[in-house]
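Reading through the structure tokens given below for one structure.
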Amino acid sequence: MKSPLASLLWRSLRAYQVFGANTDVGKTVFTTLLGRTARKLWSDERVAFLKPVSTGPASEADDRHIHRFAAGVSHKTLFQYDIPVSPHAAAQASGRPIPSDDALLAECRDFAAACAAQGKGWLFLETAGGVHSPSPSGTTQADLYVPLRAPTVLIGDSRLGGISQTISAFESLRLRGYDVESVLVFRDATYQNLVYLADYFRKHHGVPVTSIAEPPERSENAERDADAMAEYYGRGDCEEATGRVLEHLDRRHGERIASLESLAAKAHRHIWYPFTQQGLLGPEDIMTIDSAHGDYFQTLAPAAPNAARDEPLLRSSFDGSASWWTQGLGHSNPQLTLAAAYAAGRYGHVMFAGTVHEPAMALAETLLRGMRNPRLSRVFYSDNGSTGIEVAVKMGLRAARLRYGWGTAEELGVLGLKGGYHGDTMGAMDCAEPCAYNAKIEWYEGKGYWLDYPTVLCSDGKWSVTSNEGLAEDLGRGTGYASLHDIFDVEAREHRGEHRRYEAYITATLTRLQQQGRKFGALILEPIVLGAGGMELVDPLFQRTLVNVVRQSPQLFSARGSAPRDPKDWSGLPVVFDEVFTGLYRLGRFTPSSFLGVHPDISVHAKLLTGGLVPLCTTLASERIFDVFSSSDKTDALLHGHSYTAHPVGCQVALESVREMQAMERRGDWAWARAQGWTDPVGQGRDVWSSWPRRFVEELSQQTGRVTGAWALGSVLAIHLKDAAGAGYSSNAAMGLREALSRGREAGTGGPWNVHARVLGNVLYVMASQTTSETSIRQITGLLRESLAS
């Protein structure tokens, strides 16, 4: 199996991609000049030319031109199609198998690696046609070659309309993260595009534009044409101009490497990192990221002693935390990038008090429809998950206080679960029990009560719901189940009466709290999975029962409590679902509330909302909660807002992200994952599935020497490691496994690669995105097996 593709960067090899602003702008002429001049000025180095895809008669192929006019330049064409049309059409007409994008890129990298192994030199990869000409698969070249992250030389268009073509091509490349290092264009006395382009790129982008005399017009006589081109290539002015370009490219190659290698030391001096004890962090511990694409970072490989110059400087690092749980559609996703660019160009940012714009309205409607929650009708925008939670808590506390007639001086708390965590701002922290995150925060004052709960785990190959020592007397030690689907079949379990013990335990707890005079303004839950609290998979029947008991027992919260007449109104306490982590297909469904079969009165969404591109949060609320803040008194309003509320760029990106994930569900893009043993034999449980194979999860759980248990749901895999000193955030039990994944594999046809994972105490988790391929999952499960065995 091929390794994940690492980008092109070696000390020994200056690799540059040559794009054209259009077809027939002289890419091959310029590349020939670059190759010839490099051979002359760096005579002791190797120079190579690669044409990944070529169309037209083989006798007129670009590598033949290189062979004839750039002696000493090695050359190769990977895929040659005889018909002189777009590569996608030529590939279809050829009758041969069409190479996948991954296969084509892998061959490009293999060729580059072979060049690097031969010593110091140059490599020019020439594309076909224009920037957006299709590849054999139909993917445009601008998108196809992104993973190589090769710095780029853009050949401008000197013809009529060429100014627009060149700038458009540059912007297309720039939007996709290409570093365009130089623009080359022929001098033309008629249109003088050069004059405008040189001034434009100098002023706006600082990119040098170099002009070279036009080649002679093509002659019908092949011999005369060859003689004229040979004379052209031998001209001193052409060689001098090309030499200046090469010197610039040589310098930029060195500057790129120097910058990458100095970043960690600079960061160690000046950056204050989140969730990091920097007293234990050295420069060698800081990962330098050169770029990212799909599920992978391209990171600076650790420097090995006496490393050869042909060792790759970059390796692929699987983004095992989905960049702190934000990645849904992959890094540098062109759909999201263009959505952001569109909104930035149309709006920038516009204030959102008493205004509306299309992205905010469209996103609100899309979310409300997708939730399928008859209670929800309003959307409040904020910046991130923590602030969205604070908005939700403000809503819930106000609603409860007014309904139950409590004064503003009376202390209200929230009900939640032990280990629940809702963000790092002061108000959100107060919604969590005392823990490592808030223990040393001066203003922390936990305001609430947090119930214990049973958890789901696969241990020694068997799925079970287990209670800890403190709950064993009330709930029993635990119950085994045949599958994860059986655990999530909450209606069947409820029908069997399994919820009765939960009901009695919750009711007794709430009764005791009432007798103590405690007052609560909201129930706040992370549905199904507690994220920062240790990746605990909570028994869904317990959460369902907790919501139902709260709603059916308003008298446990106030003597004035009674069931409302409107079934869409909140009862008992407003129920807040923190779906920042678990929402929007993280667990395989649009909303995890559907696992529980209950609807919240307020729900909070972030992270996957924008696919990891920009910050944004939405707090969805019922009309009854909204009505609480309505009066003729301005001070009764929800006085909460941020400068970037309903940021149009964020709203547009979120709209694109949510719609694409919904389309993926409709198209059945996750069918391969659903088929990995999660569906039971009679065809049930299609919605309880994971990207991680069931057999693999059960296999992990049988490594009882190191593993307490494991679980997987949707894109999340959690491995609970044994620790004799006890589990929890302070445990180091998972560090060894994380380090083994970080070492990864140094050899492979795609280059070196590893997995960048994070731990929560004794729990190591690995998270896929919603676009992770079956191939990537197989590669990572293989590395996990090896790492656990080491």
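Note that the structure is a prediction, hence the values are computed from the model and not measured.
- Side-chain atoms of Glu433 come within 3.5 Å of backbone atoms of Gly419 as a donor-acceptor pair (strictly under, hydrogens ignored).
- Judged by distance alone, with hydrogens and angles left aside, the side-chain atoms of Gln278 form a donor-acceptor pair with the main-chain N or O of Ile271 at under 3.5 Å.
- Using modelled atom types and a 3.5 Å distance limit, the side chains of Ser323 and Asp319 yield a donor-acceptor pair.
- If you take CG on Leu764 and CG on Leu784, they are separated by 7.0 Å, rounding to the nearest 0.5 Å.
- Using a 4.5 Å cut-off on side-chain heavy atoms (C-beta onward), Val538 and Val529 make no contact.
- For Arg493 (side chain) and Ile487 (main-chain N/O), a donor-acceptor pair under 3.5 Å exists by modelled atom type.
- Classification of the Phe297-His331 ring pair by plane angle, with boundaries at 30° and 60°, yields tilted.
- Heavy atoms of other residues, nucleotides or ligands lying less than 6.0 angstrom from OH of Tyr449 number more than 12.
- Put simply, the side chain of Val658 reaches to within 4.5 Å of the side chain of Leu609, judged on heavy atoms.
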What's the verdict on side-chain hydrogen bond (donor to acceptor under 3.5 Å, both in side chains) for His605 and Ser603, showing C-alpha distance, side-chain angles and the deciding distance?
CA-CA 7 Å; His605 303 265; Ser603 67; 3.0 Å; yes

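- At a cut-off of 3.5 Å, with distance as the only test, no side-chain donor of Ser776 or Asp295 sits close to an acceptor on the other residue.
- Of the possible polar contacts, none joining the Thr591 side chain to the Ser594 backbone as a donor-acceptor pair under 3.5 Å is found.
- Side-chain N or O atoms of Asp687 include none that pairs as donor or acceptor with a backbone N or O of Arg589 at under 3.5 Å.
- At distances below 3.5 Å, at least one donor-acceptor pair connects side-chain atoms of Ser701 with backbone N or O atoms of Glu698.
- Remark: the Ser691 side chain and the Thr772 side chain contain no N/O donor-acceptor pair separated by less than 3.5 Å.
- Of all heavy-atom pairs between Gln676 and Trp672, the closest is CG-O, 3.2 Å.
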Would Tyr437 and Phe275 count as a ring-ring contact (aromatic ring centres under 6.0 Å, His included) here? Give the steps.
CA-CA 9 Å; Tyr437 297 114; Phe275 288 105; 5.6 Å; yes

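- Rounding to the nearest 0.5 Å places OG of Ser386 at 5.0 Å from CG of Asn384.
- Considering all non-hydrogen atoms of both residues, Leu608 and Gln327 come closest at CD2-O, 3.3 Å.
- The minimum heavy-atom distance between Asp539 and Val456, with the atom names listed, is CA-CG2, 3.9 Å.
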Please evaluate residues Arg778 and Glu774 with respect to the criterion salt bridge (charged side-chain N to carboxylate O under 4.0 Å, His left out), reporting the C-alpha separation (whole Å), side-chain torsions for both, the decisive distance (0.1 Å), and the verdict.
CA-CA 6 Å; Arg778 284 201 303 268; Glu774 186 176 4; 3.8 Å; yes

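- Side-chain atoms of Met767 and Ser321, non-hydrogen and from C-beta on, never get closer than 4.5 Å to each other.
- The minimum heavy-atom distance between Ser715 and Ser769, with the atom names listed, is CB-O, 4.4 Å.
- Checking side-chain atoms of Gln652 against main-chain N and O of Ala343 turns up no donor-acceptor pair under 3.5 Å.
- With values rounded to the nearest 0.5 angstrom, Met395 atom CE is found 9.0 Å from His640 atom NE2.
- Annotation: the span from Leu451 atom CG to Leu523 atom CG amounts to 8.5 Å, rounded to 0.5 Å.
- In this pair, Phe318 and Tyr296 present their aromatic rings perpendicular. The plane angle is above 60°, beyond the 30 to 60° band.
- With respect to Val414, the side chain to side chain contact (heavy atoms under 4.5 Å, CB included) criterion is satisfied by exactly one of Val576, Leu573, Ile524: Ile524.
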Steps toward salt bridge (charged side-chain N to carboxylate O under 4.0 Å, His left out) verdict (Lys418, Asp452)
CA-CA 6 Å; Lys418 288 181 179 293; Asp452 209 344; 5.8 Å; no

One pair to check against side chain to side chain contact (heavy atoms under 4.5 Å, CB included): Ile528 and Phe488. What are the steps and the verdict?
CA-CA 10 Å; Ile528 306 300; Phe488 274 83; 3.9 Å; yes

Using the rule given for side chain to side chain contact (heavy atoms under 4.5 Å, CB included), can you reason through Val697 versus Trp463, listing the C-alpha separation, both sets of side-chain angles and the distance that settles it, and then say yes or no?
CA-CA 10 Å; Val697 176; Trp463 293 92; 4.2 Å; yes

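- Judged by distance alone, with hydrogens and angles left aside, the side-chain atoms of Thr545 form no donor-acceptor pair with the main-chain N or O of Glu503 at under 3.5 Å.
- To the nearest 0.5 Å, atoms CG (Leu655) and CG (Leu336) are separated by 11.0 Å.
- Side-chain contact between Leu417 and Leu546: present, with at least one pair of heavy atoms (C-beta onward) separated by less than 4.5 Å.
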One pair to check against side chain to side chain contact (heavy atoms under 4.5 Å, CB included): Phe595 and Val688. What are the steps and the verdict?
CA-CA 9 Å; Phe595 285 113; Val688 180; 4.2 Å; yes

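- Residues Met664 and Gln770 approach most closely at CE-O, 3.0 Å, considering heavy atoms.
- Leu367 is listed as a side-chain neighbour of Phe590, based on a closest heavy-atom distance under 4.5 Å.
- Using modelled atom types and a 3.5 Å distance limit, the side chains of Glu623 and Ser377 yield a donor-acceptor pair.
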Run the numbers on Leu721 and Val707 for side chain to side chain contact (heavy atoms under 4.5 Å, CB included), then give the verdict.
CA-CA 4 Å; Leu721 282 302; Val707 178; 4.2 Å; yes

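- The main-chain N or O of Trp692 is found under 3.5 Å from a side-chain atom of Trp678 such that the two form a donor-acceptor pair.
- Taking the six-membered ring where the residue is Trp, Trp670 and Tyr585 present tilted rings, their angle falling between 30° and 60°.
- Atoms OG1 and CD, on Thr582 and Glu526 in that order, are 7.0 Å from each other to the nearest 0.5 Å.
- Under a 3.5 Å cut-off, the side chain of Asn762 and the backbone N or O of His720 do not form any donor-acceptor pair.
- His349 and Ser643 make their closest contact through NE2-O, 2.6 Å (heavy atoms, listed as atom of the first residue, atom of the second, distance).
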